[in-house]
Colleague: 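Would you mind keeping the following structure in view while I ask a few things?
Residue numbers count from 1 along this sequence. Side chains are part of it too, since the values below use all heavy atoms of this structure and drop only hydrogens, waters and symmetry mates.
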Amino acid sequence: MLSSKIFIGLFILIFSLAYISCGEKDSQPDGDEGSTEDFNNPEFVLQKAKALLGDDIKFAYKGTFDSDTVIQIASGIEILDSEQWGIKFVHLKKSGKKFENVFESNLLDGSFKECLVQKIKFPSFDYELVYYSSLDYFIGSGGGEVFSYLVNFNQKEIFYSHLISEPGQAAALFLSENITMPEVRNFFISNFKREYPALQVVKADKELNQN
């Protein structure tokens, strides 16, 4: 009889502890409101951006893209239909329990297929920028082109470079007029010179002759 009472008492104690434990777990945030731990998970960040902007989102990075301390996401959309083609960069910022689209670029030349996209920090900036390069996606045996961007969400500004490689000619690199900082200019030029040592910087952009 005594052993039965002890058994029943232990059962009630274990059940009570299990109930309390489950209650503590249920009281934790589910993560959808944007806990820091969840936003350190790249897959969660990508799914959050897709929920806000749709499945055309190709990348999404949490980062510090301006002077605010709220959670921020840099993301990219690829558009390909019968009327338009290209990529866009989008800056999302947490406001209360929701995110707001605070900046969306114009449609730009490029593709997020086989490209390079990464966050980058320059000493001259107190926040991160997003660097994009189409790499060899538009390069073939007869030449081609490389589209490259640095996205400054804080200033809502995009630095653009366009490299054209044609047979029998030195590779030509155009830099957008808003690239006035030597640090940014040297970044683009040095990146391309590693692969194209005879690179020439040109003053006018051009469309690659596809014929």
Colleague: Between the side chains of N106 and K88, does any donor sit under 3.5 Å from an acceptor?
Modeller: no

Colleague: Where is the tightest heavy-atom contact between F192 and S161, given as atom of each residue plus distance?
Modeller: CE1-OG, 3.6 Å

Colleague: Would you mind reporting whether V201 and R185 have side-chain heavy atoms less than 4.5 Å apart?
Modeller: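 In contact.
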
Colleague: Would you say CD of Q84 has more than 12 non-hydrogen atoms from neighbouring residues, nucleotides or ligands within 6.0 angstrom?
Modeller: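 More than 12 heavy atoms, drawn from other residues, nucleotides or ligands, come within 6.0 Å of this atom.
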
Colleague: So do the side chains of L163 and L199 get within less than 4.5 Å of each other, counting heavy atoms only?
Modeller: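 With C-beta onward as the side chain, the pair touches.
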
Colleague: Please determine whether side-chain contact (heavy atoms from CB on, under 4.5 Å) holds for the pair V202 and L173, giving the CA-CA distance in whole Å, both sets of side-chain angles, and the decisive distance to 0.1 Å.
Modeller: CA-CA 6 Å; V202 296; L173 178 66; 5.9 Å; no

Colleague: How far does OG of S105 sit from NE2 of H91, to the nearest 0.5 angstrom?
Modeller: 13.0 Å

Colleague: What about F122 and F187, are their ring centers closer than 6.0 Å?
Modeller: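 Yes - the distance between ring centres of F122 and F187 falls below the 6.0 Å cut-off.
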
Colleague: We want to know whether N152 and Q155 form a side-chain donor-acceptor pair, criterion being a heavy-atom distance below 3.5 angstrom.
Modeller: no

Colleague: What heavy-atom pair brings V45 and F39 nearest, and what distance separates the two atoms?
Modeller: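 Result for this residue pair: CG2-O, 3.3 Å.
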
Colleague: Measure the CD1-NZ distance between I79 and K58 for me, rounded to the nearest 0.5 Å.
Modeller: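 So the gap between those two atoms works out to 11.0 Å.
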
Colleague: Whether the side chain of Y127 engages the backbone of F153 through a donor-acceptor N/O pair (distance < 3.5 Å, no angle test) should be reported.
Modeller: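 No, because the side chain of Y127 does not come within donor-acceptor range (under 3.5 Å) of the backbone of F153.
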
Colleague: Which atom pair, heavy atoms only, marks the closest approach of A60 to I73?
Modeller: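 It is CB-CG2, 3.9 Å.
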
Colleague: Less than 6.0 Å separating the ring centroids of F147 and Y132?
Modeller: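 Between Y132 and F147, which both carry aromatic rings, the centre distance is not below 6.0 Å.
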
Colleague: According to a 4.5 Å side-chain heavy-atom criterion applied to Ile, Leu, Val, Met, Phe, Trp and Tyr, with indirect links allowed, do I120 and V184 form part of one hydrophobic cluster?
Modeller: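 Yes, same cluster.
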
Colleague: Is any side-chain heavy atom of I87 closer than 4.5 Å to a side-chain heavy atom of I77?
Modeller: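 They are not in contact (no side-chain heavy atoms under 4.5 Å apart), so the answer is no.
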
Colleague: Within a reach of under 6.0 Å around NZ of K121, are more than 12 heavy atoms found that belong to other residues, nucleotides or ligands?
Modeller: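 Yes - once you tally the heavy atoms of other residues, nucleotides and ligands closer than 6.0 Å, there are more than 12.
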
Colleague: Heavy-atom count around K193 NZ within 6.0 Å, excluding the residue itself: above 12?
Modeller: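 No, NZ of K193 has 12 or fewer neighbouring heavy atoms, counting only those of other groups under 6.0 Å.
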
Colleague: Evaluate E78 against S111 for side-chain hydrogen bond (donor to acceptor under 3.5 Å, both in side chains), listing each step before the verdict.
Modeller: CA-CA 7 Å; E78 182 156 359; S111 172; 2.8 Å; yes

Colleague: After noting the C-alpha distance and the side-chain angles of M181 and F125, does the key distance pass the side-chain contact (heavy atoms from CB on, under 4.5 Å) rule?
Modeller: CA-CA 11 Å; M181 297 179 63; F125 298 98; 3.5 Å; yes

Colleague: Kindly say whether T64 contributes a backbone atom to a donor-acceptor pair with the side chain of E128 at under 3.5 angstrom?
Modeller: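 Here the side-chain-to-backbone pair exists.
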
Colleague: How long is the gap from CG on L208 to OG on S165, to the nearest 0.5 Å?
Modeller: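 The distance works out to 9.0 Å.
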
Colleague: Ignoring hydrogens, what is the shortest heavy-atom contact between S176 and N178? Give both atom names and the distance.
Modeller: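 Taking S176 first and N178 second, the nearest heavy atoms are OG-OD1, 2.5 Å.
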
Colleague: Walk me through it: do K206 and E166 pass the test salt bridge (charged side-chain N to carboxylate O under 4.0 Å, His left out)?
Modeller: CA-CA 12 Å; K206 63 178 288 188; E166 297 179 286; 3.4 Å; yes

Colleague: Can we say K48 and D38 salt-bridge, meaning some charged N sits less than 4.0 Å from an Asp/Glu carboxylate O?
Modeller: no

Colleague: Verify, without hydrogens or angle tests, whether N41 (side chain) and E43 (backbone) share a donor-acceptor contact under 3.5 angstrom.
Modeller: yes

Colleague: Among F112, Y131, Y160, exactly one meets ring-ring contact (aromatic ring centres under 6.0 Å, His included) together with Y149. Which residue is that?
Modeller: Y160

Colleague: CG/L175 to OG/S148 distance, rounded to the nearest 0.5 angstrom?
Modeller: 9.5 Å

Colleague: Working to the nearest 0.5 Å, report the span between CD of E207 and NE2 of H162.
Modeller: 8.5 Å

Colleague: Are the side chain of S75 and the backbone N or O of F59 linked by a donor-acceptor pair below 3.5 Å?
Modeller: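 Not a single qualifying donor-acceptor pair exists.
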
Colleague: Just one of L52, L46, L53 clears the side-chain contact (heavy atoms from CB on, under 4.5 Å) bar with K50, so which one?
Modeller: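 Only one of L52, L46, L53 forms a side-chain contact (heavy atoms from CB on, under 4.5 Å) with K50, namely L46.
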
Colleague: What's the shortest heavy-atom distance between K94 and G96, and which atoms?
Modeller: NZ-O, 2.7 Å

Colleague: Using modelled atom types and a 3.5 Å cut-off, is there a donor and acceptor pairing between side-chain atoms of Q72 and backbone atoms of K93?
Modeller: no

Colleague: For the residue pair V130 and F65, establish whether any side-chain heavy-atom pair is separated by less than 4.5 Å.
Modeller: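 Yes. Closest side-chain heavy atoms under 4.5 Å.
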
Colleague: Got a donor-acceptor contact below 3.5 angstrom from the D126 side chain to the S67 backbone?
Modeller: no

Colleague: Side chains of V102 and L92, heavy atoms from C-beta outward: is any pair under 4.5 Å?
Modeller: no

Colleague: How many angstroms lie between CZ in F89 and CG in L129, if you round to the nearest 0.5 Å?
Modeller: 11.5 Å

Colleague: Stepwise, does the side-chain contact (heavy atoms from CB on, under 4.5 Å) test hold for V146 with I139?
Modeller: CA-CA 7 Å; V146 179; I139 297 285; 4.0 Å; yes

